[in-house]
Amino acid sequence: MLQANRGTVKASLNFNATTDAEALYKAMKGLGTDEAAILQLLVARSNVQRQQIKAAYKTLFGKDLVDDLKSELTGKFETLIVSLMTPPLAYDVALLRNAIKGAGTNEKVLVEVLASRTPQQVKDIVTAYRQEYDAVLEEDIAGDTSGHFKRLLVILLQVTLLSSILVSSAENIEVDAQALFKAGEQKFGTDEQSFVTILGNRSAEHLRKVFDAYMKLAGFEMEESIKRETSGSLKDLLLAVVKCARSVPAYFAETVYYAMKGAGTDDDTLIRVMVSRSEVDMLDIRTEFRRMFACSMFSMIKGDTGGDYRKTLLLLCGGDDVANILFLSTLINAAFGLIPFNMTNIMLFICIAKVSDYNCFVCTLHGSNNICNNKQLMKYIRFYFLVSAVSQY
């Protein structure tokens, strides 16, 4: 279940829509634009508050705030700010519409949205899509996709109360695990329909138990079997369903990581995740990111983006877990007398945290973005900084 209080963006306690609207107008008035004022104000407000600011702006100045932002900002920064100004439901609806209309189909967006949203969210998306475009989302998606990929997407759109389809008894768990095993590892070829039917029509709680039973039966994790037995968009969707059943924050942590890993950055994906999860579970995503990749999400964003775009993303991220861990380590060692607890040592910590996140610092020295994935190496790096601190005395 999604926890709405696990986001990094919170509603401002001293909120005044009129005052904020006036501040934004001032930031865009005349020659030049105060981008810093815009990003700092909007990220410090919840989406509901941004809608109130938008209404106040039109009342005060007779202009549309989003239109003015589009005219004053450019590039990825503009896309990010405009996305933040969009209500979450409307944002998801627009993502899906853009994914299936126009040249080609953006399967990545279809997979990400429909695999990760709750049944109630999907139900709301279907209704809002019809109201906004006078069209049926299922028909539009079915007309733009094919095969088992299409079938699973259609199943995910049905929004049946998953828990009511099958009682999650020990017998049913074993039946599903056996069916998946026979459809894949035990079969010459693959019965994709069995994967689609079971993974698309079971609750996350039930599926997690099925995955455990499958592991005992097949000797492989479900993800491993899917990678071997399927391919293309179907593989991506099945993997997303499985990963979201295990942990939605972990799924998005991995999504963010691979959006930045290697040459270039998938900014569209990065923006989607940072905007859509900033008020939902960003704190959990950061935790999972740190656990899975041994470097902080903050540091990776910092090293992979730039300008006002980077500043906004870092504010949405909400903090650097590496710096927090290093600071905690410093305090613990100081508490046990391993490191002198004084202002000089605290300042040393601050310099380390500010000058270089040690993960990215080492990556830079070695000309690689993958050094921070080496957990053993990172242990030595942490030890190095502790020794460096002690050596000052």
Side-chain angles (χ1 to χ4, degrees), residues 1-3 6 111-112 114-119 122 147-156 158-258 281 284-294 373-376:
M1 180 181 295
L2 296 175
Q3 302 180 53
R6 295 296 295 163
V111 168
E112 181 186 305
L114 295 181
S116 66
R117 301 316 190 246
T118 66
V122 174
H148 290 97
F149 178 62
K150 176 183 75 174
R151 295 175 192 176
L152 183 50
L153 289 172
V154 170
I155 289 173
L156 295 175
Q158 299 313 300
V159 205
T160 310
L161 289 176
L162 300 179
S163 58
S164 69
I165 294 179
L166 185 84
V167 177
S168 188
S169 65
E171 180 181 356
N172 288 330
I173 290 166
E174 189 61 31
V175 167
D176 279 349
Q178 288 278 0
L180 289 169
F181 182 57
K182 291 177 182 178
E185 297 291 348
Q186 204 176 47
K187 182 181 177 65
F188 180 76
T190 305
D191 178 6
E192 290 93 348
Q193 187 59 51
S194 292
F195 279 87
V196 167
T197 300
I198 293 173
L199 295 179
N201 286 297
R202 303 295 188 265
S203 69
E205 180 182 4
H206 176 83
L207 285 177
R208 287 193 291 272
K209 295 174 183 177
V210 171
F211 300 156
D212 291 340
Y214 184 87
M215 177 64 182
K216 294 176 183 177
L217 185 66
F220 301 107
E221 293 288 3
M222 180 57 62
E223 292 90 332
E224 295 178 64
S225 291
I226 289 173
K227 289 176 183 178
R228 277 200 298 271
E229 299 293 333
T230 61
S231 61
S233 297
L234 175 62
K235 179 188 74 172
D236 295 338
L237 182 54
L238 288 170
L239 285 173
V241 169
V242 170
K243 290 173 182 178
C244 286
R246 291 190 189 276
S247 168
V248 172
Y251 167 73
F252 278 114
E254 186 176 19
T255 300
V256 169
Y257 177 78
Y258 285 107
D281 53 3
D284 297 324
I285 293 171
R286 274 171 39 190
T287 299
E288 290 297 327
F289 193 103
R290 178 68 189 176
R291 179 185 67 81
M292 296 168 70
F293 303 112
N373 292 327
N374 188 321
K375 295 182 179 180
Q376 188 62 40

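Just the heavy atoms: all of them, side chains too, but no hydrogens, waters or symmetry mates, feed the values below.
The residues Arg246 and Glu223 are annotated as salt-bridged, a charged nitrogen and a carboxylate oxygen being separated by less than 4.0 angstrom. Under 4.0 Å is where a charged nitrogen must lie from a carboxylate oxygen, and between Lys227 and Glu224 no such pair does.
Closest approach of Ala213 to Glu174, counting heavy atoms only: CB-OE1, 4.1 Å. The minimum heavy-atom distance linking Ala115 with Leu237 is given by the pair CB-CD1, 4.4 Å. Pairing each heavy atom of Pro249 with each of Asp281, the nearest pair is CG-OD2, 3.8 Å. Counting all heavy atoms, side chain and backbone alike, Ser225 lies closest to Phe220 at OG-CB, 3.9 Å. Listed here is the closest heavy atom pair of Gly200 and Ile155: O-CG2, 3.2 Å.
Residues Met222 and Phe195 are in side-chain contact: their nearest non-hydrogen atoms beyond the backbone lie under 4.5 Å apart. The shortest side-chain heavy-atom distance between Leu207 and Val242 does not fall under the 4.5 Å cut-off. Leu156 is not listed as a side-chain neighbour of Val122, based on a closest heavy-atom distance of 4.5 Å or more. Contact of the Leu234 side chain with the Val196 side chain is registered, since non-hydrogen atoms from C-beta on lie closer than 4.5 Å. Side-chain contact between Asp176 and Tyr214: absent, with no pair of heavy atoms (C-beta onward) separated by less than 4.5 Å.
For the atom pair CZ (Arg202) and OG1 (Thr197), the distance works out to 8.0 Å, reported to the nearest 0.5 Å. Between atom CG of residue Asp284 and atom CZ of residue Arg6 there is a gap of 4.0 Å, rounded to the nearest 0.5 Å. Note: Leu239 CG to Thr230 OG1 = 6.5 Å, rounded to the nearest 0.5 Å. Taking CD of Gln178 as the reference point, atom OG of Ser194 lies at 12.5 Å (rounded to 0.5 Å). How far CG of Leu152 is from CG of Leu238: 5.5 Å, rounded to the nearest 0.5 Å. To the nearest 0.5 Å, the span separating CG on Asn201 from CD on Gln158 amounts to 9.0 Å.
If you run side-chain contact (heavy atoms from CB on, under 4.5 Å) between Leu114 and each of Leu153, Val241, Val154, only Leu153 comes through.
No hydrogens or angles considered: nothing links the side chains of His206 and Asn172 as a donor-acceptor pair under 3.5 Å. In the model, Glu112 has no side-chain atom that pairs as donor or acceptor with a side-chain atom of Ser116 under 3.5 Å.
Under the 30°/60° scheme for interplanar angles, the aromatic rings of Tyr258 and Phe293 are found to stand perpendicular.
One N or O on the side chain of Thr190 and one on the backbone of Glu229 form a donor-acceptor pair closer than 3.5 Å.
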